[in-house]
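Everything on this sheet refers to the single structure shown next.
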Number of protein chains: 2
Amino acid sequence: MTFAFARRIQHAPSSFLGELFRVSSDPSIISFAGGLPSSALIDTDGLRTAAQDVLTTDPRAALQYSTTDGYRPLREYIAARYGSRLGVPATADEIQITNGSQQCLDLFAKIFLDPGDYVGMERPGYLGAIEAFSLYEPAFTAVPLDREGPKPEAFAKMMHDTPVKFFYGIPNSQNPSGCTYSPERRKEIAEMIAGTSTVFYEDDAFGELFFDKKSRIPVKKFIPENTVIAGSFSKIIAPGMRIGWLYAPQEILSAFNTAKQAADLHSNFLCQQILYRYLSTNDLDSHIHRIVEVYCRQCRLMCELFDDLMPALAHTTPEGGMFLTATLPHDLDAMDVFYEGIRHKVAVLPGMPFFVDGGGTDTIRLNFSNADEEKIAEGMHRLVAVIRELS
Amino acid sequence: MTFAFARRIQHAPSSFLGELFRVSSDPSIISFAGGLPSSALIDTDGLRTAAQDVLTTDPRAALQYSTTDGYRPLREYIAARYGSRLGVPATADEIQITNGSQQCLDLFAKIFLDPGDYVGMERPGYLGAIEAFSLYEPAFTAVPLDREGPKPEAFAKMMHDTPVKFFYGIPNSQNPSGCTYSPERRKEIAEMIAGTSTVFYEDDAFGELFFDKKSRIPVKKFIPENTVIAGSFSKIIAPGMRIGWLYAPQEILSAFNTAKQAADLHSNFLCQQILYRYLSTNDLDSHIHRIVEVYCRQCRLMCELFDDLMPALAHTTPEGGMFLTATLPHDLDAMDVFYEGIRHKVAVLPGMPFFVDGGGTDTIRLNFSNADEEKIAEGMHRLVAVIRELS
């Protein structure tokens, strides 16, 4: 039979991420295509002990229904870390726990977007955000990035021509480019938003993963009332627990909480408790430093191999995070590289789905967190062979 | 500053459930207001062992990102149970794991509803569903219930006058009434839907909790192509893990999966694995029978106390589930009973939010699963005193 689906889903772009997860699951393929943190760096011993503690101490509470906003001690921990790490005076009342930071994208769009409303995106912009926002049928305006962040003239033009409900940005180790906004550009963007009703959606999945182990000033610091920050434990503890959060002004958080309750009542309470127990009994900074050192080495190796083996290829040079973007030589089409790569057992992510207004056909995103150095070396040789073959 | 929220959230009814969770957390109040299963009946030893097994055997997989559809062995388990328990030949490909069955409500509405589309509800109808659907701005049509289910004439009129995208029903131990559709009524409803594009959304949170330990024929059996079933482990294992599912025809599940991925990528993978491990190493039927025996005693006690202490009050007599509905004597207002009840340390849920078209002001919903017999006896005496005082 034929079902009468809503307009939003009839026009939804077919997802590339699902396809990717399937590709990534073939163990003979070296995948630079996904966005997985290193499995080897998950502190399984620490999390096992934390789980055992929670399920021994007060298991009936951890396994029962809970409140929509999330486990208060965990929210207090997150708020305190904003204070100590970024100098932002957050309180637990400004934090809502979500199912990974992907849910922040969905619920935030849900409370802000009527069909046709304008949303500002980076160009290229994060695919998962485009997929989440698209279901609320907005009109996208894309602001091109340079090495310091969104280009100021284009950002100003967007603010003037298509007043956006919110601008979605990843100032720290942007996905997919791997670039980080400069401090000056953060201030410049913030000044253009100040005094308007536009919200800056500061996605900060990677802010703890700078190779120099230093934090960058958040846009929130310049325009606290106009900014929300989305955070996640997926990249620093474990993605399988699906625990993220939104840090937002109270009025936004109140609407967000209403949407969260309607969406799924509350996030997994057992894992909120396990995570909090883990954070209370382990040194998160040391754990993150171990991750950062490995990712830094893997990133440098990937960049060096491109420079050595294929100097005609341009690539970004990340200061942190998990991704870099490469521009293919000789106007090669990224889809050809993707499919030929799969035949040669190496997966990359074509850049097109990151461009809401088309383009990017000669770009690919590479992940350097999930494959170790040996696999990166082997995978890069396979990839370079594919590109040479197609050139 | 003033934020430019979407229309859907500006018009969202202020939630009563959040208020309830807060009230329920005061330990001096005996609460019949919430929808919590009995904490005492959660198999904490079994779940602790299962968690330890998962985090010892292959923790890195359980803590990593996973696929949107959910852990395949868990989906196979769920599908097989539909076969053995209800005689419905489900396959794993027809099952999508969600964050509790509340998320089924949100995502199903998301893929079906454009603003103004008609949705059919039971009258009274489940509050959590009303809250989830409302954010997609539908027009509700409510079909009154009698003891056998939705009244046939009203159901026929709805199908004729306001062709609904879907009808949301809880045939087994309906929430809030506690009534169960008769087999004849199920067939009658199904025949009215057959051949139309209307979907029957069969919410089956309580189908395992019949006091006679027998299952009822699902509406899905009569009109498989027009029916989706939402299920949940919250009432039979533990709600804090937030694991539910949708069982649906492939075309619906494909759109639902797109919405799920955009919403939060996938459900908590660690708990999916813990749950599957638990189910593989424990006898679920015996566990459910233990729960059912306790709920049956508690329900009967509640009914008997009403009959003995307050014969003027009418109440439903559930065959299972967790709730009954009472109609107050002397045209008492349920809100007065609610507020006066809180003062007397007993909480009930006023019926009004279950009526999308108004009414129900003299009804209250009572939960009999969470309080034990001693608390039910004490709470019922407090409640009867409140009603007498107000009469």
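Convention: sequence-line order gives letters A, B, ...; per-chain numbering from 1.
Residues Leu270(B) and Cys271(A) form a side-chain contact, since some pair of their non-hydrogen atoms from C-beta on lies under 4.5 Å apart. No side-chain heavy atom of Ser197(A) sits less than 4.5 Å from a side-chain heavy atom of Thr2(B). Side-chain contact between Gln10(A) and Asp114(B) is absent, with no heavy atoms from C-beta onward closer than 4.5 Å.
Put simply, the residue from Phe256(B), Phe108(B), Phe112(B) that forms a ring-ring contact (aromatic ring centres under 6.0 Å, His included) with Phe5(A) is Phe112(B). Each of Thr44(A), Ile42(A), Asp43(A) was evaluated against Pro59(B); a single residue qualifies, Thr44(A), per the side chain to side chain contact (heavy atoms under 4.5 Å, CB included) test.
Between the side chain of Arg242(B) and the backbone N or O of His266(A) there is at least one donor-acceptor pair closer than 3.5 Å. Of the possible polar contacts, one joining the Gln102(A) side chain to the Ala262(B) backbone as a donor-acceptor pair under 3.5 Å is found. Here the side chain of Asn268(B) pairs a donor or acceptor atom with the backbone of Met241(A) at under 3.5 angstrom. Side chain of Gln52(A) to main chain of Ala51(B): no donor-acceptor pair is present (N/O by atom type, distance under 3.5 Å, no hydrogens or angles).
The environment of CZ in Phe3(B) is crowded: more than 12 heavy-atom neighbours from other residues, nucleotides or ligands sit within 6.0 Å. Within 6.0 Å of CZ in Phe222(B) there are more than 12 heavy atoms belonging to other residues, nucleotides or ligands.
For chain B, no part of Val54(A) is nearby; none of its heavy atoms comes within less than 4.5 Å. Pro115(A) does not touch chain B: none of its heavy atoms, backbone or side chain, sits under 4.5 Å away. Ala109(A) touches chain B through its backbone: at least one of N, CA, C or O sits under 4.5 Å from a heavy atom, while the side chain does not. For Thr196(B), the part sitting under 4.5 Å from any heavy atom of chain A is the backbone (N, CA, C, O) and nothing else. In this structure, chain B has heavy atoms under 4.5 Å from both the backbone and the side chain of Leu55(A). For a residue to count as touching a neighbouring chain, one of its non-hydrogen atoms must lie under 4.5 Å from one of that chain's; by this rule Asn226(A) touches chain B with backbone and side chain alike. For Asp58(B), no part sits under 4.5 Å from any heavy atom of chain A, backbone or side chain. Neither the backbone nor the side chain of Leu107(A) has a heavy atom closer than 4.5 Å to any heavy atom of chain B. Using a 4.5 Å cut-off between heavy atoms, Ala40(B) touches chain A through its backbone atoms (N, CA, C, O) alone. Of the two parts of Ala263(A), the backbone and the side chain both hold a non-hydrogen atom closer than 4.5 Å to a non-hydrogen atom of chain B. There is no contact between Thr49(A) and chain B, counting heavy-atom distances below 4.5 Å. Residue contact with chain B, scored on non-hydrogen atoms closer than 4.5 Å, is absent for Ser101(A). Of the two parts of Phe133(A), neither the backbone nor the side chain holds a non-hydrogen atom closer than 4.5 Å to a non-hydrogen atom of chain B. Both the backbone and the side chain of Ser39(A) come within less than 4.5 Å of a heavy atom in chain B. With a 4.5 Å cut-off on non-hydrogen atoms, Ile252(A) touches chain B through its backbone and its side chain both. Residue Leu113(A) touches chain B through its backbone alone, counting heavy-atom pairs closer than 4.5 Å.
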Item to complete: Give the intermediate values and the outcome of side-chain contact (heavy atoms from CB on, under 4.5 Å) for residues Lys110(A) and Ile9(B).
Response: CA-CA 8 Å; Lys110(A) 194 172 189 174; Ile9(B) 199 81; over 6 Å; no
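With chain B as the partner, the residue from Ala61(A), Ala255(A), Gly100(A) showing the most heavy-atom pairs under 4.5 Å is Ala255(A). Your options are Pro37(A), Ala132(A), Cys104(A), Ser234(A), and the one with the most heavy-atom pairs under 4.5 Å with chain B is Pro37(A). Taking chain A as the reference chain and counting heavy-atom pairs below 4.5 Å, the highest number among Gln103(B), Arg60(B), Lys165(B) is found for Arg60(B). Annotation: maximal heavy-atom pairing with chain A below 4.5 Å, among Thr198(B), Asp264(B), Val199(B), occurs at Asp264(B). In terms of heavy-atom pairs under 4.5 Å with chain B, the best-connected choice from Glu225(A), Arg8(A), Gln272(A) is Arg8(A).
Ion pairing between a basic and an acidic side chain is recognised when a charged N comes within 4.0 Å of a carboxylate O; Lys260(B) and Asp106(A) show no such pairing.
Considering all non-hydrogen atoms of both residues, Gln64(A) and Asn370(B) come closest at NE2-ND2, 4.0 Å.
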